[in-house]
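Worksheet for the structure shown next.
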Amino acid sequence: MSKPSIPRGTRDFGPKIMAKRKYILNTIEKVYQSFGFMPLETPSMENLSTLTGKYGAEGDQLLFKILNSGDYLKDINSDKFDSKSLTPLISEKGLRYDLTVPLARYVVMNQNEVTFPFKRYQMQPVWRADRPQKGRYREFWQCDADVLGTNSLLCEADFIKIYRQVFSKLGLNDFEIRINHRKLLEAVVEKADVSVHFKTITIIIDKADKIGMDGVKNELIALGLNDVQSTIILSLLNKQAFNAANLEAIQHALPDTENAKKAMSDLNQLLNLLDQKTDFVYLDGSLARGLDYYTGCILEVVPTSVQMGSISGGGRYDDLTGIFGLKGISGIGISFGIDRIYDVMEELNLFPTDGTNFTDVLFCCMDESAFAYSLPLADELRLNGIKTEVYPDTSKLKKQLDYANAKNILWAVIVGENEMKNNQLALKNLLTGEQELIDKMALTVFFQKL
RNA sequence: GUAGUCAUAGCUCAGUUGGUUAGAGCAUCGGUUUGUGGUACCGAGGGUCGUGGGUUCGAGCCCCAUUGAUUACCCCA
């Protein structure tokens, strides 16, 4: 007899964990709604043609593929195919890798119905066939918000406000919002005259946090850059306050190219739209982000008092819907990683202690006739918004009270022969141990007053 | 794909240089108390020591293989 198990990198969420997860999800959802975002849900699985090629070669490797249904090997002659060319013949669907590509797919399919700028939020699980480790799962939830159909930097500014509101409401105050601009990175790589290596270089400098400046330099030189070129790249990597003086200094160091102009223009506009309110915001030259489709401002939120990767990220993508045939739609989106936010809040003990009980009142029935007496009373309490349950057996009172303790229920109403005869219920506070008799008719009023 | 660590009761873990019948806490169930819990006391059930092979008079412990978990790298939330 083997013990049951779940696939690696997946988790069960029991009631206590769900209460906390819902707390995070509800907080994020309310903030999204307060900025006018509308909900969207898309299927867990997408056609592989929708998913492949959107996340780079590495990302394609991480797609979970779903075998076709039925006798999918019937017409396959195994001599003709190797393991790679066989895959597209037996698998046409895959689990979604993120929520952004499904959004693009949805917008293209429904372009006549959506009103631009289209602001949607989406909170659903995504799957990656990754090696799990701390803070990394194979099934995890993303909480995205995106705006499609406008180039306005107001969106970037809104998202920075959203970050501040969400983390402030969650009580998570030790964090940094890091911003950068994809075209700023491109301009620097142009200046060093190594544009052919742009992608590899972004991956290297993204690791600056972890491997340090020397580590970055070593990897750049290993890539084939000379000392001057790597120095140019390194000069950009410092993290600094997001203000006009620093922006100007960067501008002087950049070449006079289209990329540089666009990046500086965007960042200056964003600074103005934030009206100098840049608390928590840092300009981080080493922020690159892996996803291929980003083309403008990129954002990331990192907790500062806990060793954890980014807990949110996002950025602007100029032409995501273009791959599905709808050109000229610019978008920007962010995504909260609630699994990591949960881990951080758990580590910092930030979850509120109250609100963890799922039931307020437990009816304890001493004999069968007490059920008929209790059920209408319980219904009345429920109609008044009091979370009420009736213990379903006439077990020993000890056992019923044990149940109440295990579920952190504050009030027990004990219903037995004497109580029913006199219409006086024994009401016990399980925290203080105090018990009193209360008139049957006064019960609802009593709990309403609490 | 690469490397390290680990695997003993439902859970968290002890288990001495290899030595008799593998232990504890928590949880569960029963009792002290037939209607009063969260504190106390007594008791019970629960194990192919991940799996397979090897060394040995003898293996939870040593060796090999395998599976799984976990951490780090790559990449990413």
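Lettering follows sequence order; numbering is per chain, from 1.
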Checklist outcome for this item: Winner on side-chain proximity to A/N418, out of B/A77, B/C75, B/G35, is B/G35

Item to check | d(OH, A/Y403; C1', B/A27) in whole Å | outcome: 17 Å

Checklist entry - Whole-Å distance between B/A77 C1' and A/M123 CE? => result 16 Å

Next on the checklist: What's A/Y137 touching, base or sugar-phosphate or nothing? Going by heavy atoms closer than 4.0 Å.
Outcome noted: base

Next on the checklist: Give me the distance, rounded to whole Å, that separates B/C75 from B/U16 when you measure between the C1' atoms they each carry.
Outcome noted: 45 Å

Checklist entry - When we call it a touch if two heavy atoms are under 4.0 Å apart, what does A/Q400 touch: a base, just sugar-phosphate, or nothing? => result nothing

Checklist entry - Between A/Y317 and A/D146, is any side-chain donor less than 3.5 angstrom from a side-chain acceptor? => result yes

Next on the checklist: Mind checking if A/I414 touches a base, just sugar-phosphate, or nothing, with heavy atoms under 4.0 Å?
Outcome noted: base

Item to check | Enclosure of A/D279 CG (heavy-atom neighbours >12, cutoff 6.0 Å) | outcome: yes

Item to check | Any A/Q133 side-chain N or O less than 4.0 Å from OP1/OP2 of B/C73 | outcome: yes

Item to check | Nucleotide nearest A/R131 when distance is taken to its side chain, options B/U36, B/G35, B/G1 | outcome: B/G1

Checklist entry - What's the CZ-P distance between A/R128 and B/G1, to the nearest Å? => result 20 Å

Next on the checklist: Could you tell me if A/R21 sits above the aromatic ring of A/F13, with its cationic atom closer than 6.0 Å to the ring centre and no more than 45 degrees from the axis?
Outcome noted: yes

Checklist entry - Phosphate oxygens OP1/OP2 of B/G35: is one of them under 4.0 Å from a side-chain N or O of A/K399? => result no

Item to check | Pairing of A/D130 and A/R138 as salt bridge, 4.0 angstrom limit | outcome: no

Checklist entry - In the 5'-to-3' direction, what one-character label does each nucleotide of nucleotides 37-46 of chain B receive under the scheme B = base within less than 4.0 Å of a protein heavy atom, S = sugar-phosphate only, - = no such atom? => result BB--------

Checklist entry - Any donor-acceptor pair under 3.5 Å joining the side chain of A/Q61 to the base of B/G1? => result no

Checklist entry - Which listed nucleotide (B/C75, B/U71, B/G35) is nearest to the side chain of A/R136? => result B/C75

Checklist entry - Starting at the 5' end of RNA chain B, what dot-bracket string do you get if Watson-Crick and G-U pairs under 3.5 Å are bracketed, crossing pairs use [ ], other-strand pairs use | and unpaired bases use dots? => result (((((((..((((.....[...)))).(((((.......))))).....(((((..]....))))))))))))....

Item to check | Closest to the A/K134 side chain, choosing from B/A77, B/A72, B/C74 | outcome: B/A72

Item to check | Residues in salt bridge (Lys or Arg N to Asp or Glu O under 4.0 Å) contact with A/E346, at least two apart in sequence or another chain | outcome: A/K20

Item to check | Separation between the C1' atoms of B/U17 and B/C41, rounded to whole Å | outcome: 41 Å

Checklist entry - How far, in whole Å, is B/C76 from B/C29 if one measures between their P atoms? => result 50 Å

Next on the checklist: Are B/A77 and A/F140 stacked, with the base six-membered ring and the side-chain ring centres under 5.5 Å apart and planes under 30°?
Outcome noted: yes

Next on the checklist: Once you apply a heavy-atom cut-off of 4.0 Å, does A/G313 come out as touching a base, just sugar-phosphate, or nothing?
Outcome noted: nothing

Next on the checklist: In whole Å, I'd like the distance from the CG atom of A/D393 to the C1' atom of B/U34.
Outcome noted: 17 Å

Checklist entry - Picking from B/G35, B/A77, B/U71, which would you name as closest to the side chain of A/S310? => result B/A77

Next on the checklist: Quick one about A/Q122 and A/Y106 (side-chain donor to acceptor, distance below 3.5 Å, no hydrogens or angles considered), yes or no?
Outcome noted: no

Checklist outcome for this item: side chain to side chain contact (heavy atoms under 4.5 Å, CB included) test vs A/I409 passes for just one of A/L362, A/D360, A/L401, A/T388, namely A/L362

Item to check | Integer-rounded Å distance: B/C74 P and A/K199 NZ | outcome: 15 Å

Checklist outcome for this item: Between CD of A/E417 and C1' of B/U34 the distance, given in whole Å, is 14 Å

Checklist outcome for this item: Checking A/F175, A/W141, A/Y121, A/Y163 against A/F336 for ring-ring contact (aromatic ring centres under 6.0 Å, His included), the one that qualifies is A/Y163

Item to check | Residues A/S49 and A/N47: side-chain donor-acceptor under 3.5 angstrom | outcome: no

Item to check | Value in whole Å for how far the P atom of B/G35 lies from CE of A/M420 | outcome: 13 Å

Item to check | Phosphate-side-chain proximity, A/R8 and B/A69, N/O vs OP1/OP2 below 4.0 Å | outcome: yes

Checklist entry - Should the pair A/R340-A/D343 be classified as a salt bridge under the 4.0 Å nitrogen-to-oxygen rule? => result no

Item to check | Parallel, tilted or perpendicular: rings of A/W411 and A/F446 (30°, 60°) | outcome: perpendicular

Item to check | Integer-rounded Å distance: B/U36 P and A/L437 CG | outcome: 15 Å

